[in-house]
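Below is one structure, written out as C-alpha cells; comments come after it.
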Amino acid sequence: MAERAPHIDQIALDEVVTATSDLIRMDTTNRGHGEGSERQAAEYVADRLADVGIEPVMLEKAPERTNVVARVPGSDPSADALLLHGHLDVVPAEPADWSVHPFSGEIRDDVIWGRGAIDMKNMDAMILTVVRAWARAGIRPRRDVVLAFTADEEDSAEFGSEYLADAHPDLFEGCTEGFSESGAFTFHPGNGLRIYPVAAGERGTAWLNLTAQGTAGHGSKVNRANAVSRVADAVSRIGAHQWPVRLTPTVHAALTELALLHGLTPPGPQPTDAEVDSLLAQLGPAAALVEPTVRNSANPTMLQAGYKVNVIPGSATAAVDGRMLPGGEEEFHSTLDALTGPDVHWDFQHREVPLQAPVDGPTFAAMREALLHFDPDAHVVPYCMSGGTDAKQFSRLGITGYGFSPLRLPEGFDYQALFHGVDERVPTDALHFGVRVLDRTLLAL
C-alpha cells in the first residue's frame, strides 16, 4: 500500500472536519427514558451515503429514534463481513458550563468544539469520510463492510443496537467482527511515551436494585426490623468490599506490555493481588488504563426511603452500579448474595454481558500496524473498557467487538476526561490521522 493512500486526499480531510462539525450542530441529546431524537443526524448520514451510491436503510423502533444501516460490498464474497458502528446520540450538556455552545460545532484554532466531538460524532464522521473516499476512487475492501449509525447508545440501547440486533439481524449477515468507539487514542503517561490503547474487551453492566423490607412504625419506638438500617448496612458492606484481582487475557496482556514499556517485571501467569497492586502503583499514570478492569466492582449510587422524619418506613431501596469481568459473573452473584444478606433482596435493573476479543490474531495485528505506520514511535497495547458500548448488543449476533476510533492527540489533551465532560473537543489533525489509520486498517483486512 502506498505511504499515503491517494484517495485520502484533501477532499477527504476537509470532509471529516465538516461532517464532525455538522453532526455536532444537530442536537441529538439522549435524556433517557425514551426521550431523544436522532432523526436529523440519521438523515444527514443517509444523505451522505446515498450521495456516493451507498444505499442506506433507515429504521426506527419509535418515532425520531432513527438508525441507519448500509452495506459496502467487498471484493471477496466468501470473506466474513466487518461491522463499523457509531452512535448518533449524545449525553446532555448545559450551555452555561461551556466555553462555547455545546451544539455550535465551532472550529477554533484547528479544534472542533461541542458535545459529541469525542463521544462519538468524530468516529461517525471518520466512517462516512472513508467509505465516501472509497466510492469516489472506485475502491472496494476485501470484506463486506456493514455500517450502522445507531440511536440510544447513551441510555439502554433499546431503540438502537438492541432493536437492530433483535429485529433486523439479517442486515448484519456474515459480520464476525466490529469496530467502534473508545480505543486507539493517544495516551500520554507523562514520561515521553505515546501509547495507543486498543479496546479488546468490556466489563459487563450490572445495574442493581436493592430492596429491604421491614416493619413500619413510629420513629420514637424501638424497631428491630428497620428497613432503612437494613439497606444502609448492605450498601455499606458493598461499598467497603475489596474485590479480588481477576486478570482476563486482555488485561494480562495490557499489564505485560505496560510493564515492559516502563522497564518493570511483567506479571506472571497467576500473580497475587498484592503483586498486581504493586505493579499498578509503579506504572504511574499508565495504571489508569487497566486499574478499573483488574477486578469486578460494585458502587452504591442511590438511596431512597421514607416520607417523614418521625416515621420508620416499611421498605427502603438502593441502586448499585456493578461491573463484571469476562468470566466473573458467577463470583459477582455469590458475592452480592453474601454482602446483601438475608434481609435485603437484589435484582438487575439493567444487565449486559462482558466481552473479550483476541489480541493475538490478524485483526489486532492490522490495527497495530496501521497505527505504527502513521506514528512509528507509538506503542500499541490492548486494554479492557471499564464501561460498555453497542458492541454488547451486537455480540448477540456473534460479532466480536473492538474499540478502534483512532486519534493522534497532543500531550496534555485528556481524552478520557472529555467523555461526557465539559468543553468536549477534538483537534482537526487528530481526525485526519484517524481517517488515514482507519482506511489503512480496513483495506488490510
Applying salt bridge (charged side-chain N to carboxylate O under 4.0 Å, His left out), name anything that partners [X], two or more places apart in sequence or on another chain.
X	value
R136	E15
E291	none
R203	none

Legend entry - K61, E38, E60 screened by side chain to side chain donor-acceptor pair (under 3.5 Å) with T66, the one that passes: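 When side chain to side chain donor-acceptor pair (under 3.5 Å) is applied between T66 and each of K61, E38, E60, only E60 qualifies.
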
Donor-acceptor check, side chain of [X] to backbone of [Y], threshold 3.5 angstrom: yes or no?
X	Y	answer
R237	L339	yes
T256	H252	yes
T428	D110	yes
E275	T272	yes
S395	K392	yes
H85	E181	no
D76	R142	no
D390	E153	no
D273	V245	yes

Legend entry - Pairing residues for S334 by the side-chain hydrogen bond (donor to acceptor under 3.5 Å, both in side chains) criterion, not counting sequence neighbours: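 Once residues adjacent in sequence are excluded, S334 has no partner under the side-chain hydrogen bond (donor to acceptor under 3.5 Å, both in side chains) criterion.
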
Legend entry - Pairing residues for D80 by the side-chain hydrogen bond (donor to acceptor under 3.5 Å, both in side chains) criterion, not counting sequence neighbours: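 D80: no side-chain hydrogen bond (donor to acceptor under 3.5 Å, both in side chains) contacts found.
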
Legend entry - Heavy-atom neighbours of E330 CD exceed 12 at 6.0 Å: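 Counting neighbours around CD of E330, 12 or fewer heavy atoms of other residues, nucleotides or ligands fall under 6.0 Å, so no.
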
Inset, instruction - Evaluate whether atom CG of D109 has more than 12 neighbouring non-hydrogen atoms of other residues, nucleotides or ligands under 6.0 angstrom away. - result: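 Incorrect, the count does not exceed 12.
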
Inset, instruction - Carefully, step by step, assess R65 and Y163 under the rule side chain to side chain contact (heavy atoms under 4.5 Å, CB included). - result: CA-CA 11 Å; R65 309 311 302 272; Y163 163 64; over 6 Å; no

Test of understanding: with ring pair (Phe, Tyr, Trp, His ring centres under 6.0 Å), list the residues that count as partners of [X], not counting sequence neighbours.
X	result
F149	none
F172	F394
H333	W346, F348

Counting only pairs under 3.5 Å, give me each side-chain donor-acceptor contact of residues 117-129, with atom names and distances, residues two or more places apart or in other chains.
| from | atom 1 | to | atom 2 | distance (Å) |
| --- | --- | --- | --- | --- |
| D119 | OD1 | H87 | NE2 | 3.0 |
| D119 | OD2 | H420 | NE2 | 3.0 |
| K121 | NZ | L23 | O | 2.8 |
| K121 | NZ | M26 | O | 2.9 |
| K121 | NZ | T28 | OG1 | 2.9 |
| T129 | OG1 | V16 | N | 3.4 |
| T129 | OG1 | A125 | O | 2.8 |

Looking at [atom1] of [X] and [atom2] of [Y], how far apart are the two atoms once the value is rounded to the nearest 0.5 Å?
X	Y	atom1	atom2	result
T363	L445	OG1	CG	5.0 Å
H345	T340	NE2	OG1	9.0 Å
Q416	S386	CD	OG	8.0 Å
E352	M324	CD	CE	9.5 Å
H379	L261	NE2	CG	5.5 Å
D144	L83	CG	CG	12.0 Å

Inset, instruction - For residues 165-175, pull every pair meeting salt bridge (charged side-chain N to carboxylate O under 4.0 Å, His left out), keeping only residues two or more places apart or in separate chains. - result: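 Residue pairs passing salt bridge (charged side-chain N to carboxylate O under 4.0 Å, His left out), neighbours aside: D166-R396.
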
Legend entry - Electrostatic pair R115:E154 at N-O distance under 4.0 angstrom: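 Looking at E154 together with R115, the answer is no, because their closest N to O distance does not fall below 4.0 Å.
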
Legend entry - Pairs flagged by ring-ring contact (aromatic ring centres under 6.0 Å, His included) wherever residues 424-445 is involved - sequence neighbours left out: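 For residues 424-445, and leaving out neighbouring residues, the ring-ring contact (aromatic ring centres under 6.0 Å, His included) pairs sorted by first residue read Y196-F433.
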
Would you say [X] and [Y] make side-chain contact, with heavy atoms under 4.5 Å?
X	Y	answer
T205	R323	yes
L280	D277	yes
R408	D429	no

Inset, instruction - Evaluate the criterion salt bridge (Lys or Arg N to Asp or Glu O under 4.0 Å) for residue pair R436 and D439; output intermediate values, then yes/no. - result: CA-CA 5 Å; R436 292 185 174 113; D439 169 72; over 6 Å; no

Legend entry - Check against side chain to side chain donor-acceptor pair (under 3.5 Å), T301 and D321: CA-CA 7 Å; T301 55; D321 185 339; over 6 Å; no

Please output the side-chain donor-acceptor pairs of residues 397-404 that fall under 3.5 Å, not counting sequence neighbours, one pair per line with the distance.
| from | atom 1 | to | atom 2 | distance (Å) |
| --- | --- | --- | --- | --- |
| Y402 | OH | P358 | O | 2.6 |

Inset, instruction - Go through E162 and S156 one step at a time and tell me if the side chain to side chain donor-acceptor pair (under 3.5 Å) criterion holds. - result: CA-CA 8 Å; E162 180 180 272; S156 67; 5.8 Å; no

Legend entry - Closest approach of A199 to S182 (non-hydrogen atoms, all atoms of both residues):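 Nearest heavy atoms, A199 then S182: CB-O, 3.9 Å.
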
